[in-house]
Each structure stands twice: as structure tokens, then as C-alpha cells.
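The structure displayed is predicted, hence computed values, not measured ones.
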Amino acid sequence: MSDYAVINPATGETVKTYPLITDEQLDAAVASADAAHRDWSRQSTVEERAALIRRVSELHTERREELAAIIVREMGKPIEQALGEVDFSADIYAYYADNAVELMKDEPITLLAGEGSALIRRSSLGVLLGIMPWNFPYYQVARFAAPNLIVGNTILLKHAGQCPESAAAIEQIFLDAGFPVGAYVNIYASNEQIATVIADPRVHGISLTGSERAGAAVAEVAGRNLKKVVLELGGSDPFILLSTDDLDATVEAAVAARLDNNGQACNAAKRFIVADDLYDSFLEKFNAAIGAVTPSDPTSPDTVLGPLSSELAAERLQDQLDRAVAQGATVAVGGERNGTYFPSTVLTDVTPDNDAYHEEFFGPVASVFRATSEDDAIRLANDTPFGLGSYVFTTDAEQAIRVADRIEAGMVFINLVGADGAELPFGGVKRSGSGRELGRFGADEFVNKKMIRIG
């Protein structure tokens, strides 16, 4: 069986398989990306590259229905969310097209001594390798490829094994937009082949979004070869509720933050930490609201929760849930799994000696905790190996900033969810990874910031 196949998680049907790239083809792909960097990249202007990226944005919009249908087949994303992902990806490409010149402009340095001037001039590094996951097939690529192509880097892209059709569609968009062969190259490579790509001296950096295990493996090979990596790994983001003047709206936000993308988002809210005086009323309303969402056909525009991405993903989540219950957690809301269709579930009584206290649940499972004070809420929020995103709900503006300052995470959202933007940096700390994507920081990771001193 091929490592790359479209297996519809809603039906179990194997739609199409794709052959692995041969070693000879892989070497040719690296050579093509290297040649594109030496020729096209160095001869093109920022404005010319921005125009190509703008066309990529337009093609995402023009092909949004086709692109969305692909990822519904590949990983079970509800169709309305799939369309939203394509639209957000188009926005990301448009953001970098709009801001390319500003992001790449020279940065003067004020001299402390001596005559003349100094500046930082940004330029490309060369060929970059992107290793992308299945949960957001277009968005993950956009936030890596868009800023790096305006910089002038060229891209080798290894997508997840279950996303070969969207991977091919993305590569075709770059070609149709006018990028030369080699500027963006899709590779259906094995993990063993990827290790050789990382070690290849023609490759100058690696960006991975995925699991801790994958991140550690890639970072190990990259470290041995002195290559820079950007890692966006797991998350177990806290949703802290300290006060509210509209509990129903807060519960609605909490449900949306947990169930987006069938609960399979690194920066989804997963641990709900609620002030003692609100705990009982929140839990009652949250249980009712999340329990009312049942998995259904992802092709229906009314579907909020579709199937998990694969049978294996569902089995892994079921194992986590079973272990959590065996170790003392209580299922406040739940049901029976039907293949890849996993019921929305709420856990309480999750204690520090339970595996579930420290793990990431990649699916529609929420854990709810009672906090006795603001300090206790912060303690619970930070008592995790992860540090990606976080959510704080409070009516006290000073408390909001005070709590945000103390949370150990790369991102804090106050009194809102689903508020990611192309201009907002994305990334985490601790075991959630290192480096940033999106915004101006996303265009500054794989860049030669060359200092030029003029006498």
C-alpha cells in the first residue's frame, strides 16, 4: 500500500493512491528548487514575487469549491469549515502580497560611534523544506510558503500521507500563478527520504507542523546538519473563565473553541478552567451545548462535527479516553464511537496523576477544571508540557492583561475565540515548538539579515 492515499474517513473508501517519489526523482526535485533559487529568485524583485503570490491568492478564491471538496474527502472536515480554510489561506497569500515590500525593506541601524551608516538588508537563504500535517491542508502550507516565497526562498513541500490530492492541487496553483518550475515543488516522500533531504547541503531550513515525536525526529537530523528549524507542535490550550456578563455567549464560544475542525486543531481550547462561583452553572450549560452536537455527514452545510481524520485517529482517541476513565476521570457527557465518528465528550475529575491531565486530546474531548482563585487558574493553565495558545474570559480588563502576562504560551486571546489572522504571529513555547509563522515574524524566520556597514 502506498504511503500516500486518499481514504475518505466518512466512508472508509480508498479513493486513490499515489506512488512514492523515487530517490532519483527526489534528487531532481531538490536540484530543481536549488536552480530556481539561484536563477529566478536572485533575478526577481520583491514586487514581482508579490504579484505571483497575489495570483496564488486569487486562484484559491476562484477554485474554493473544488479545493474544499478535496479536503472533505481527505480528512473529513465539514464543508463549511473547508470553505473557510480555503478563504483564510487566500487571505494569507493576499496579506503577504500586500506587505511584501514593507516586510523586506532595509532596516537602518543607529550607530553608537564612528562615521557613516549601517543597515540590515534581508535576503533569501535558499531551498526550504516544509513538512505539513493533515488537519489544515491548505492553511498550514499558506502560512509557510507565502512569506518564504516573497523573501525569495524556494520550497520543497512534503504533505501528510493522507493529503496527496490537496498537495497536488496546491502545487498546480503555484504553477498556474506563474511561478517557475522549482519555486514550489510537491514531493511524495517517505520519512527515510525526508531525512536525506534535511541532510542535503542544498537545503537550508526546515519548517514542520506536527506531533512532538515528529518534531523531535526532524530537529535531531537538522541539528546534526546545522539546519535551522521552525516547529509548531502540539497544544493543550487552556480556556480560563473568571467572570462573564453573558454565560450563554461564553459557553457558545467554549463549544466553538473545542469542536472546530472536529476537535483536531493544535490551538483548540482543550482544558476549561472555571472560577469556583461559575463552575456549576458553566458545566451544566457546557454539557448541554456540547452534548447536543453530534457527528454527521461532513458534506452537509449544516454539519458542525464530522468524522475524525482516520480510523487510526479515532482508535487513538478512544484509547486515551478509556485510560482517562480507568485512572479516575468522569465522563460527564459522551457516547459510543461509530468508526471514525466520535461523540463530543466532556471529562471532569481529571487529576494530576491521570495521563489525561498531561496529554493532548486531538478530537472532540474537553476537560473541565474548577479554579479556587485567579492564581489557581493560572497554576492549572500552566501545569502542562505545552504552551501554544490560550483563552481568557473576564469582565475585568486589568485582570485580563494580568493573567495574560502570566500564562506560559505563545498566544493569548481575551474574550474571543476563532480570532486568528494573517497579520497575527502564530507559535508556541515549551513542547509546543519554537519559531513563529504569520505576520511580520513569519517573514523573518528563514532570512539572511545581512548587516551592511558603510564608511
Side-chain angles (χ1 to χ4, degrees), residues 29-30 32-57 60 89-105 121-132 136 138-159 167 170-171 173-175 177-187 197-198 200 202-209 218 222 227-232 422-423 425-427 433-450:
V30 178
S32 175
D34 183 50
H37 180 256
R38 286 186 286 104
D39 298 331
W40 163 78
S41 175
R42 292 178 179 174
Q43 295 170 12
S44 61
T45 66
V46 176
E47 291 84 357
E48 289 168 342
R49 296 193 295 270
L52 294 175
I53 286 292
R54 187 174 306 284
R55 184 59 186 146
V56 170
S57 172
H60 275 72
S89 300
D91 290 344
I92 291 169
Y93 290 112
Y95 168 83
Y96 283 107
D98 290 341
N99 293 279
V101 173
E102 177 68 19
L103 292 169
M104 290 294 291
K105 71 179 182 180
R121 177 158 293 171
R122 287 167 169 78
S123 60
S124 59
L125 295 181
V127 181
L128 304 179
L129 170 66
I131 304 171
M132 296 296 126
F136 290 93
Y138 301 120
Y139 160 68
Q140 302 282 4
V141 172
R143 70 189 199 188
F144 166 62
N148 284 302
L149 284 166
I150 66 157
V151 167
N153 295 312
T154 54
I155 304 295
L156 296 169
L157 201 292
K158 181 215 176 295
H159 221 315
I170 296 168
E171 182 182 46
I173 282 176
F174 279 99
L175 292 171
F179 278 93
V181 172
Y184 180 99
V185 185
N186 175 51
I187 54 173
V197 174
I198 295 172
D200 194 303
R202 294 169 293 185
V203 175
H204 294 269
I206 304 94
S207 179
L208 175 138
T209 298
V218 165
K227 305 289 179 70
K228 177 175 178 174
V229 294
V230 167
L231 301 173
E232 195 272 279
E423 76 282 14
F426 189 105
S434 59
R436 292 294 182 269
E437 295 179 306
L438 297 179
R440 68 181 181 88
F441 297 104
D444 227 22
E445 288 286 355
F446 296 104
V447 173
N448 179 13
K449 303 176 187 70
K450 184 183 295 182

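- Judged by distance alone, with hydrogens and angles left aside, the side-chain atoms of K450 form no donor-acceptor pair with the main-chain N or O of S123 at under 3.5 Å.
- Side-chain atoms of Q140 do not come within 3.5 Å of backbone N or O of M132 as any donor-acceptor pair.
- A donor-acceptor distance shorter than 3.5 angstrom exists from the side chain of H60 to the backbone of V56, with no hydrogens or angles considered.
- Atom OG of S57 sits about 10.0 Å away from atom CD1 of I173, to the nearest 0.5 Å.
- In this structure, the separation between CG on N153 and CG on L129 is 12.5 Å, given to the nearest 0.5 Å.
- Side-chain atoms of Y184 and V141, non-hydrogen and from C-beta on, do get closer than 4.5 Å to each other.
- Listed for the R49 side chain is a donor-acceptor partner under 3.5 Å among the backbone atoms of V151.
- In this structure, the side chains of I92 and Y139 come closer than 4.5 Å at one or more pairs of heavy atoms.
- Taking the side chain as every heavy atom from C-beta outward, H204 and H37 never approach each other to under 4.5 Å.
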Are L149 and I53 close enough, and set up right, to give a side-chain contact (heavy atoms from CB on, under 4.5 Å), and what steps lead you there? CA-CA 8 Å; L149 284 166; I53 286 292; 4.0 Å; yes

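- E445 places a side-chain N or O within 3.5 Å of a backbone atom of R436 that can act as its donor or acceptor partner.
- Summarising the geometry of P147 relative to A443, their closest heavy-atom pair is CB-CA, 3.8 Å, with the distance given to 0.1 Å.
- Scanning for side chain to side chain donor-acceptor pair (under 3.5 Å) contacts around H159 gives an empty result, with sequence neighbours left out.
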Between K158 and V197, does a side-chain contact (heavy atoms from CB on, under 4.5 Å) hold up when you go through it step by step? CA-CA 11 Å; K158 181 215 176 295; V197 174; over 6 Å; no

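- Separating the CD atom in E47 from the CD1 atom in I150 is a distance of 11.0 Å, to the nearest 0.5 Å.
- Inter-residue side-chain proximity for D98 and R54 is flagged as met; some heavy-atom pair is nearer than 4.5 Å.
- T154 places no side-chain N or O within 3.5 Å of a backbone atom of A183 that could act as its donor or acceptor partner.
- Between F446 atom CZ and I206 atom CD1 the span is 7.0 Å, to the nearest 0.5 Å.
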Go through the steps for R122 and D444 under the test side-chain contact (heavy atoms from CB on, under 4.5 Å), then give the verdict. CA-CA 8 Å; R122 287 167 169 78; D444 227 22; 2.8 Å; yes

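- Counting heavy atoms from C-beta outward, E437 and T209 have side chains that approach closer than 4.5 Å.
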Trace of the side-chain contact (heavy atoms from CB on, under 4.5 Å) decision for E423 with Y95: CA-CA 7 Å; E423 76 282 14; Y95 168 83; 3.7 Å; yes

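- For D91, there are no salt bridge (Lys or Arg N to Asp or Glu O under 4.0 Å) partners at least two apart in sequence or on another chain.
- Taking the six-membered ring for Trp and thresholds of 30 and 60 degrees, F179 and W40 have ring planes more than 60 degrees apart, a perpendicular arrangement.
- Counting only distance, with no hydrogens or angles, the side chain of S44 and the backbone of S41 share a donor-acceptor pair below 3.5 Å.
- Contact check for M104 versus V447: no side-chain heavy atoms found under the 4.5 Å cut-off.
- Atom CZ of R38 and atom CD of Q43 lie 11.0 Å apart (nearest 0.5 Å).
- Remark: side-chain polar atoms of E48 are paired, donor with acceptor, to backbone N or O of T45 under 3.5 angstrom.
- Side-chain contact check for L128 versus S207: every heavy-atom pair is 4.5 Å or farther apart.
- The CD1 atom of I155 lies 12.5 Å from the CG atom of N186; values are rounded to the nearest 0.5 Å.
- With N148 contributing its side chain and F144 its backbone, the two residues share a donor-acceptor pair below 3.5 Å.
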